[in-house]
Amino acid sequence: MGFKLFTEELRDEIMRRQSLDAEFQQRLKGLTFRLMLVGMEAPGGQDRALSINLQAGRFIKVGVDIHTAPSFELRSPHFDKSKFDAKFIGDHMMLYELVTGKMDLPTALEKVEAYGDMTKLMRQAAGFTALLEFLTTLDIEP
């Protein structure tokens with residue numbers, strides 16, 4: 001049984017595995033970003049958000065926010081810039097394809113709305129790619 005994308009169970013597994021996977025720890029070493037991913041129209045008529053605070057290669061906090069779709073709050077381009085560097089909003093199934101390795105990052109970036117400090121995130125593209133590669137090792141379901 002897999003972990004549903006952008007749920008508390010997936011968050012808990014990410015936090016657990018980061019301490020066990022030495023290769024993952026090495027690949028994310030020094031990576032720092034605060035990011036919010038919003039998946040619109042998830043199964044069950046939901047909009048789901050995953051907020052990631054990664055500091056020096058360690059997940060400090062991974063938050064989950066689930067609302068009935070359509071959620072004005074989650075779909076809004078506005079976000080707290082003191083808590084996040086960027087916010088990406090896209091179709092839930094497209095984000096599922098990204099985190100399961102069925103879609104590459106450049107293709108996904110063409111299909112999402114992006115807000116915030118993209119320059120900061122692009123400087124850490126290799127680390128973000130490593131994060132996506134880590135996520136593909138998890139059994140993730142839509």
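All values below were derived from every heavy atom in this structure, side-chain atoms included, with hydrogens, water molecules and symmetry-related copies excluded.
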With the side chain counted from C-beta on, respond yes when N53 and F59 share a heavy-atom pair under 4.5 Å apart, and no when they do not. no
Is K81 positioned over the aromatic face of F79, cation under 6.0 angstrom from the ring centre and no more than 45 degrees off axis? yes
NZ of K83: more than 12 outside heavy atoms within 6.0 angstrom? no
Heavy-atom side-chain contact between I66 and F6 under 4.5 Å: no
Under the ring pair (Phe, Tyr, Trp, His ring centres under 6.0 Å) rule, collect the residues that match up with F128, sequence neighbours excluded. F33
Kindly give the heavy-atom pair with the smallest separation between A56 and T32, and that separation in Å. N-OG1, 2.9 Å
Shortest non-hydrogen contact from E41 toward A69: OE2-CB, 3.9 Å
Is the closest side-chain heavy-atom distance between L35 and F84 below 4.5 Å? no
Using the rule side chain to side chain contact (heavy atoms under 4.5 Å, CB included), only one of L138, V64, D139 pairs with L10; which is it? L138
In residues 109-116, what donor-acceptor pairs under 3.5 Å come from side-chain atoms, sequence neighbours left out?
from, atom 1, to, atom 2, distance (Å)
E113, OE1, Y115, OH, 2.5

State which residues pass ring pair (Phe, Tyr, Trp, His ring centres under 6.0 Å) with F134; sequence neighbours excluded, sorted by chain then number. F24
Is P43 close to H92 at the side-chain level, that is, under 4.5 Å between some pair of heavy atoms? yes
Under a plain distance cut-off of 3.5 Å, with no hydrogens placed, do S51 and R34 share a side-chain donor-acceptor pair? no
